[in-house]
Student: 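Before I ask anything, here is the structure I am working with.
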Amino acid sequence: MKSNVITIIRKELRRFFFDPRLVISTLILPGLLIYLVYSFMGTGFTASFSTPDTYVYKVDTVNVPESIHGYFDGIYFVDQNEVDGYNAGKERLDAGESDALIVFPEGFDETVAKRDPEDIPNIDIYYNSSRVPSAEAYTNLVRILDSYEKSISNVFDINNTEKQYDLSTQKEVTSKVFSMILPMLIMVFLFSGCMSIAPESIAGEKERGTIATLLVTPVSRSEIAIGKILSVSFIALLSGISSAAGTILSLPKLVGLSGQVDASGYGIGDYVFMLLVILSTIMVIVSVMSIISAFARTVKEANTAVLPLMILSMLVSVTTMFGSSVPNDAVWYLIPLYNSVQCMSAVFGMSYSLVNVITTVSLNVSLSIVLLIVLAKMFNSERIMFSR
Amino acid sequence: MDEILELKNVSKTFRLSAKQRKIEHTDSKLRVAVSDLSFGVEKGEIFGLLGPNGAGKTTTLRMISTLIRPDSGDIIVGGSSAVSSPWDVRSKIGFLTSELKLEDFFTPNYIYDFFSSLHNVDEKVRDERKQFLFEKFGIDRFAEVRIANLSTGMKQKLSIAVSLVHDPEIIIFDEPTNGLDVITSRTVTDFLLELKSRGKTIVVSTHIFSLVEKLCDRVGILIDGVLVACGSIESVSDGMSLEDRFFDMYRKVMDKRQ
Ligand SMILES: Nc1ncnc2c1ncn2[C@@H]1O[C@H](COP(=O)(O)OP(=O)(O)O)[C@@H](O)[C@H]1O
Ligand SMILES: [Mg+2]
């Protein structure tokens with residue numbers, strides 16, 4: 001009994017690993033493409049939406065007061081330059097010769113000194129938001145002038161010391177980001193991994209008439225079902241690992257945390273639970289897909305039929321991205337796929353409960369066993385295996 | 001009489017899918033493929049099931065091989081019922097039909113070993129038997145070539161070899177020479193005679209009269225799912241040629257229908 005399952009698994013794995021095309025398209029390409037695309041997107045964002053750290057904003061001024069002239073002198077990234085009135089300044093800004101134009105009212109320092117609430121001077125800052133340096137210059141100038149304003153009329157300070165006020169650690173930031181993004185990505189990877197092999201392994205063999213050859217041997221239908229599901233699950237897991245590796249390597253670049261993602265907060269226990277949740281989820285996905293594929297007459301039919309399931313699970317996995325907190329009631333973990341997504345989110349967020357993880361894994365495993373029995377029954381049904 | 005295979009009042013009706021009804025221009029949802037079929041095959045003989053396309057030959061052989069179940073009746077193969085203990089039957093028979101394909105991706109060597117191990121054949125026995133069969137069919141030279149790259153004839157010969165990995169007592173071949181060139185065809189028929197001389201029981205289906213005359217000890221004539229004659233070739237032919245006798249019966253069935 002056991003040896004037949006092993007013989008079938010060995011054949012299935014050989015079919016996969018000895019075919020360079022399959023190995024490249026399901027194991028190597030997903031990880032590589034994800035890494036390249038995400039890294040590219042990440043660096044692309046940073047490159048087009050920010051200026052280099054050494055950039056110096058060219059700021060034109062009209063009527064610059066003494067006080068502010070001195071203040072700007074102390075700021076290395078502002079290159080201040082007095083121009084001859086608004087029109088001249090606007091011309092230079094339009095031509096891109098400056099990044100911003102500040103027009104001060106005449107007698108600014110004196111007006112400020114009077115501290116008359118009826119007579120508050122206004123500073124105009126002109127800029128061009130379609131140019132990144134100009135838009136940045138504007139935000140920086142607002143910030144600089146704001147703090148200048150506070151420095152001359154100081155009543156109290158907030159967080160104006162050298163202390164560290166944000167008490168979150170990098171590990172916590174990482175786990176927060178992971179718990180929001182990774183569950184969905186993992187579901188996508190697992191699904192696409194399964195999609196590329198489950199229909200082929202079952203509907204494909206049916207389409208080509210090779211499964212019938214297996215059915216005339218004295219091998220039980222459940223052995224065939226177990227062999228198929230285990231080997232497809234194994235390959236789907238590898239495919240998932242490939243995609244996950246690509247994501248984890250490129251994630252720092254994607255979320256702009258370059259070099260700051262710190263996964264060292266996870267312990268062995270977290271990884272073990274994660275692996276259990278993922279494995280049991282793969283089993284569920286593979287068995288559902290296998291059943292759908294067994295109904296289909298061709299691989300094409302199977303692929304089409306599997307699609308709605310994929311979309312449904314994508315919708316379910318998006319739930320973790322809206323920050324809605326993970327439900328605590330164990331009943332929620334009896335809903336397949338949803339339970340996996342929530343569990344992954346909780347484990348990544350380091351806020352999982354053992355009961356919920358155990359509920360999820362045992363529900364998934366028992367569901368897979370039921371589905372496996374159904375699949376074995378289907379292999380035994382001539383209506384399904386020999387439909388015309 | 002020592003009957004190793006016996007069909008008792010076997011019937012099989014298929015439900016036609018909408019697609020199939022359209023293809024075949026018919027409104028009836030049911031198709032009687034085989035009706036009340038009874039015959040026996042003796043140990044050590046070659047039995048031919050002769051009939052035109054659509055007569056129900058493949059359906060009959062599939063039921064014997066446990067791939068599909070009869071709606072009624074029973075089939076006893078080597079003392080076991082194909083209906084109630086299909087497992088016992090599967091280990092006693094070797095089944096070959098053009099619908100059973102081998103996975104293109106693998107080599108003859110691997111596929112042979114794969115099916116041997118599913119049939120629990122001891123490795124030493126397996127290797128001897130493989131060498132014998134591969135030499136017999138000239139597969140040995142192609143043992144490590146992917147099946148996808150083999151000729152149709154070579155594929156068919158490999159299918160035959162694979163169906164015999166467990167050296168079954170009863171061999172059931174559905175149109176074994178269909179689509180083969182004359183030389184491969186001859187190899188196959190010679191091999192069937194050799195198997196018979198080693199005491200095996202063989203059931204073949206065909207629509208080729210000459211094949212029956214050359215090969216078979218007894219023949220059953222199947223028309224429209226009904227066995228219209230069964231016996232030795234001489235008794236069925238009744239003094240005519242087998243072909244003339246067949247068309248005689250065929251016309252009678254068609255006349256009765258109208
Ligand atoms: N799975 C099936 N579904 C529906 N009809 C079938 C099926 N298998 C066979 N038939 C029908 O049963 C009849 C007998 O077919 P078959 O046994 O293949 O004949 P033969 O092998 O003698 O050519 C044919 O009319 C065929 O269309
Ligand atoms: Mg046929």
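Only a predicted model underlies this, so the values are computations on that prediction, with no experimental measurement involved. Naming: A, B, ... by sequence-line order, numbering from 1 per chain.
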Student: For B/Glu99 and A/Gly209, indicate whether the former's side chain and the latter's backbone hold a donor-acceptor pair under 3.5 Å.
Tutor: no

Student: Report yes if some heavy atom in the side chain of B/Phe105 is under 4.5 Å from a heavy atom in the side chain of A/Thr210; otherwise report no.
Tutor: no

Student: Atom CZ in A/Arg383, atom OG in B/Ser17: separation rounded to 0.5 Å?
Tutor: 9.5 Å

Student: When rounded to the nearest 0.5 angstrom, what distance separates OG in B/Ser117 from CD1 in A/Ile6?
Tutor: 10.0 Å

Student: What do you reckon, is NZ of B/Lys155 surrounded by more than 12 foreign heavy atoms closer than 6.0 Å?
Tutor: yes

Student: Mind listing the closest non-hydrogen atom pair of B/Leu100 and A/Ala212 along with its distance?
Tutor: CD2-CB, 3.1 Å

Student: Working to the nearest 0.5 angstrom, can you tell me the gap between A/Met385 CE and B/Ile68 CD1?
Tutor: 13.5 Å

Student: With only heavy atoms counted, which part of A/Ile211 is less than 4.5 Å from chain B, the side chain, the backbone, both or neither?
Tutor: neither

Student: Looking at every heavy atom in both A/Phe18 and B/Arg146, which two are closest together, and how far apart are they?
Tutor: O-NH2, 3.8 Å

Student: Should we say atom CZ of A/Arg21 is surrounded by more than 12 heavy atoms from elsewhere, each under 6.0 Å from it?
Tutor: no

Student: From B/Glu103 CD over to A/Thr213 OG1, what is the distance, rounded to the nearest 0.5 angstrom?
Tutor: 8.5 Å

Student: Under the salt bridge (charged side-chain N to carboxylate O under 4.0 Å, His left out) test, which residues partner B/Arg31, sequence neighbours left out?
Tutor: B/Glu24

Student: Please report, to 0.1 Å, the donor-acceptor pairs under 3.5 Å made by any side chain of residues 274-285 of chain A, with sequence neighbours excluded.
Tutor:
| from | atom 1 | to | atom 2 | distance (Å) |
| --- | --- | --- | --- | --- |
| A/Ser280 | OG | A/Leu276 | O | 3.2 |
| A/Ser280 | OG | A/Val277 | O | 3.0 |
| A/Ser280 | OG | A/Asn364 | ND2 | 3.1 |
| A/Thr281 | OG1 | A/Val277 | O | 2.5 |
| A/Thr281 | OG1 | A/Ser340 | OG | 3.0 |

Student: Compare all side-chain heavy atoms of B/His119 with those of A/Thr217 and state whether any distance is below 4.5 angstrom.
Tutor: yes

Student: Quick check for you: to the nearest 0.5 Å, what is the distance between A/Phe386 atom CZ and B/Leu67 atom CG?
Tutor: 4.0 Å

Student: Quick check: do A/Leu214 and B/Leu118 have side-chain heavy atoms less than 4.5 Å from each other?
Tutor: yes

Student: Can you name the nearest heavy-atom pair linking A/Arg15 to B/Phe106, along with the distance?
Tutor: CB-CZ, 3.6 Å

Student: Do A/Arg10's NZ or CZ and the ring of B/Phe114 fall within the cation-pi criteria of under 6.0 Å and 45°?
Tutor: no

Student: Is any residue of residues 7-16 of chain B within less than 4.5 Å of chain A by heavy atoms, and which ones?
Tutor: B/Lys12, B/Phe14, B/Arg15

Student: Give every residue pair that meets the salt bridge (Lys or Arg N to Asp or Glu O under 4.0 Å) criterion with at least one member in residues 191-215 of chain A, sequence neighbours excluded.
Tutor: A/Lys11-A/Glu205, A/Glu200-A/Arg208, A/Glu205-A/Lys228

Student: Once you round to the nearest 0.5 Å, how far does CZ of B/Arg69 lie from OG of A/Ser381?
Tutor: 7.5 Å

